[in-house]
Student: 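First the structure, which I've put down as structure tokens, then a few questions once you've had a look.
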Amino acid sequence: METIKSRKEFEKVFSRGRRYGHRLVRVTVLRNDNEAHGKVAFVAAKRLGNAVFRNRCKRVLREAARSCGLPAQEADVILFATHATHNASPREVAAALGGLLGKACVA
RNA sequence: GAAGCGAGCCAGACGAUCGCGGGGUGCUUUGCACCAUGAGGAAAGUCCGGGCUCCACAGGGCAGAAAGCCGGCUAACGGCCGGGCGGGGUAACCCGACGGAAAGCGCCACAGAAAAGAAGACUCCCACUGCCCGCCUUGGCGGGUAAGAGAAAAGCUGAAACGGUGGUGUAAGAGACCACCAGCAUCCUGGCAACAGGGUGGCUUGGCAAGCCCCUUUUGGAGCAAACGCAAAUAGGAGCGCUAUGGUGUGGCCCGCACUGCGCUCGGGUUGCGCGCUUGAGGCAUGCGGUAACGCAUGUCCUAGAUAAAUGAUCGUUCAUGACAGAACCCGGCUUACAGGCUCGCUUCGCAA
RNA sequence: GGAGGGGUGGCAGAGCGGUUGAAUGCGGCGGUCUCGAAAACCGUUUGGCCCGUCUCGGGUCACGAGGGUUCGAAUCCCUCCCCCUCCG
């Protein structure tokens, strides 16, 4: 699972990507025609809670992304945690994420 | 049995499948398979103390900061242990920023006569004396008032008033004198010391230093984005100013020491990889020394090293249904958060023998 | 990793040991003016709880939270919580 690492890549996806929202997860997707394979990133804002809370959120997002087969070929995707992500099961989040990716036309 | 006090420990467990981090082995080089391993008692807050690295050495003085009953432990500490004193609790036990107010400055609102040495200033007390009134045996007694040598007891306040209580004494009084208590000075005894006990002396000097301050002790500055190595890139560039009892290192200042151009503006490059990076003032067990903290000796164990940052998901079994919470160079503490559970020792009360 | 500043009525913002429930401004409410409104001017409410009860008066707790020093703390000191800024 290749992840977005540098600040420049994050800036690119933030400025040019499209956003989709749900109660359990929010995503920003940038379709990427030039590069061979897409990347993925997991974000939990500091205002959500302490380090344990944010780590839990990111693990749930990571599991949901894996079950959706997410490091997709054609797009970079950033997943944002919400207040509800912490208590949700990965299955619920995966269902929500699948719906959002369908809207974004990512396989 | 109930209530409580102190010390210590645990922080869901087990199995199966899928997945993640670094490590090892094999295939043989993309990667895949297998093996074991992978967060805490606080990893937290960053409040102290060190190690380590760099600043030439880490020297002296001033300033600043910190500590503050005594002795010990320790690499060091603002930590810990033991003791003293003071306070709380029936007790086990717990708590304490606990040096100095006759070195000096400052503050003490309101009330009060007076608030820090103000004068014996005011009220009050009072011998002798004058005047007035009353009683009565031409003089005395009683009361009032004025002036006063004397005296510091009383003065309604306040958080706090030139020690307190009782007595002797006197016209009235006073450490003027006596007893006890508190405080001060000094001596003796015990103790390494803080301090405790006792004697003697003169008779007394408010509180606040978490106000400034004084005394004693400690303290150079930065921090793993430190520092070192490799690779890549670029312009060992341009302009202006200041100069050698100058400038920089030095980020509080001065001396000393070292180096010899430096400062500002404009322009350019750079957050890649390796190393530091986990074996350490390390843990556990036993023995010895010490009241204890701790030290010494022997044996044994190796137990995360990520870098947009690794511990999760699904299913099953079981119980007290799982709190607070995630390593980021590493240790020793402190402080704060925390569902509960277990072990040991002790205190008080009740009941039974 | 390190350094500094702040938290006070509904909001902004003084006060920094002594009658401060708390200046001042914006608010809210009532009045004057107006046909009505705005502006201006005047007054008032200014917080919780408790008590009496003549709807006015009294007591107490409140300056982020909890302790301490002091006769007395928003102010001085310690611990914790939250917010903001700066440096590398």
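Convention: sequence-line order gives letters A, B, ...; per-chain numbering from 1.
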Student: Tell me what A:Phe10 touches on the nucleic acid: a base, only sugar-phosphate, or nothing, going by heavy atoms under 4.0 Å.
Tutor: base
Student: Within 90° of 0 counts as syn, otherwise anti: where does B:A39 fall?
Tutor: syn
Student: Of all heavy-atom pairs between A:Arg31 and A:Ala75, which one has the smallest distance, and what is that distance?
Tutor: CA-CB, 4.1 Å
Student: Report the residue (A:Arg66 or A:Val52) whose heavy-atom-nearest nucleotide on RNA chain B is the more 5′ of the two.
Tutor: A:Arg66
Student: Expressed as a whole number of Å, how far does the C1' atom of B:C35 sit from that of B:G345?
Tutor: 48 Å
Student: Using the P atoms only, state how far B:U348 lies from B:U74, rounded to an integer number of Å.
Tutor: 38 Å
Student: C1' atom, B:G38 versus B:G326: distance in rounded Å?
Tutor: 13 Å
Student: Please determine whether a side-chain nitrogen or oxygen atom of A:Ser89 lies at a distance below 4.0 Å from atom OP1 or OP2 of B:G312.
Tutor: no
Student: Using Watson-Crick or G-U wobble geometry with both distances under 3.5 Å, which nucleotide pairs with B:A176?
Tutor: B:U168
Student: Expressed in whole Å, how much space separates the P atoms belonging to B:G104 and B:G207?
Tutor: 15 Å
Student: Is A:Leu100 linked to A:Leu30 within one hydrophobic cluster, defined over Ile, Leu, Val, Met, Phe, Trp and Tyr using a side-chain heavy-atom separation of less than 4.5 Å?
Tutor: no
Student: OP1 or OP2 of B:A309 less than 4.0 angstrom from a side-chain nitrogen or oxygen of A:Arg59, does that happen here?
Tutor: no
Student: Kindly give the heavy-atom pair with the smallest separation between A:Arg23 and A:Thr82, and that separation in Å.
Tutor: O-OG1, 2.9 Å
Student: Name the closest nucleotide to the A:Arg91 side chain, picking from B:C315, B:G312, B:A309.
Tutor: B:C315
Student: Please report the shortest heavy-atom distance between A:Gly98 and A:Cys68, naming the atom on each side.
Tutor: N-SG, 4.2 Å
Student: With rounding to the closest Å, how many angstrom separate the P atoms on C:C29 and C:G13?
Tutor: 24 Å
Student: Using the purine O4'-C1'-N9-C4 or pyrimidine O4'-C1'-N1-C2 torsion, is B:U303 syn (within 90° of 0) or anti?
Tutor: syn
Student: Which is true for A:Asn55 with a 4.0 Å heavy-atom rule: it touches a base, it touches only sugar-phosphate, or it touches nothing?
Tutor: base
Student: Would you mind telling me which of B:U314, B:G326, B:A308 lies closest to the side-chain atoms of A:Ala51?
Tutor: B:G326
Student: With sugar-phosphate meaning primed atoms plus P, OP1 and OP2, does A:Ala41 contact a base, only sugar-phosphate, or nothing at under 4.0 Å between heavy atoms?
Tutor: nothing
Student: May I ask which nucleotide in the shown strands pairs with B:A152, Watson-Crick or G-U wobble, both distances under 3.5 Å?
Tutor: none
Student: C1' atom, B:G140 versus B:A154: distance in rounded Å?
Tutor: 33 Å
Student: Given B:A313, B:A308, B:A39, which nucleotide is nearest the side-chain atoms of A:Glu63?
Tutor: B:A313
Student: Can a donor-acceptor pair be found, under 3.5 Å and without considering hydrogens, that links the side chain of A:Thr85 to the backbone of A:Leu24?
Tutor: yes
Student: Which atoms form the tightest heavy-atom contact between A:Leu61 and A:Val43, and what is the distance?
Tutor: CD1-O, 4.3 Å
Student: With both distances under 3.5 Å as the test, what is the Watson-Crick or G-U wobble partner of B:C141?
Tutor: B:G134
Student: What's the gap between B:G106 and B:G79 when it is taken at their C1' atoms, as a whole Å value?
Tutor: 37 Å
Student: Of the listed nucleotides (B:U311, B:A325, B:G312), which one gets closest to any side-chain atom of A:Arg62?
Tutor: B:U311
Student: Please state whether the rings of A:His86 and A:Phe53 are parallel, tilted or perpendicular, taking 30° and 60° as the class boundaries.
Tutor: parallel
Student: Which comes earlier along RNA chain B counting from the 5' end, the contact point of A:Lys58 or that of A:Phe53, where each point is its nearest nucleotide?
Tutor: A:Lys58
Student: Within 90° of 0 counts as syn, otherwise anti: where does B:G350 fall?
Tutor: anti
Student: Taking syn as within 90° of 0 and anti otherwise, name the glycosidic form of B:U278.
Tutor: syn
Student: Would you classify B:G166 as syn or anti? Syn applies when the glycosidic angle is within 90° of 0.
Tutor: anti
Student: Using the P atom as the reference point in each nucleotide, state the distance between B:U168 and B:G175 in Å, no decimals.
Tutor: 14 Å
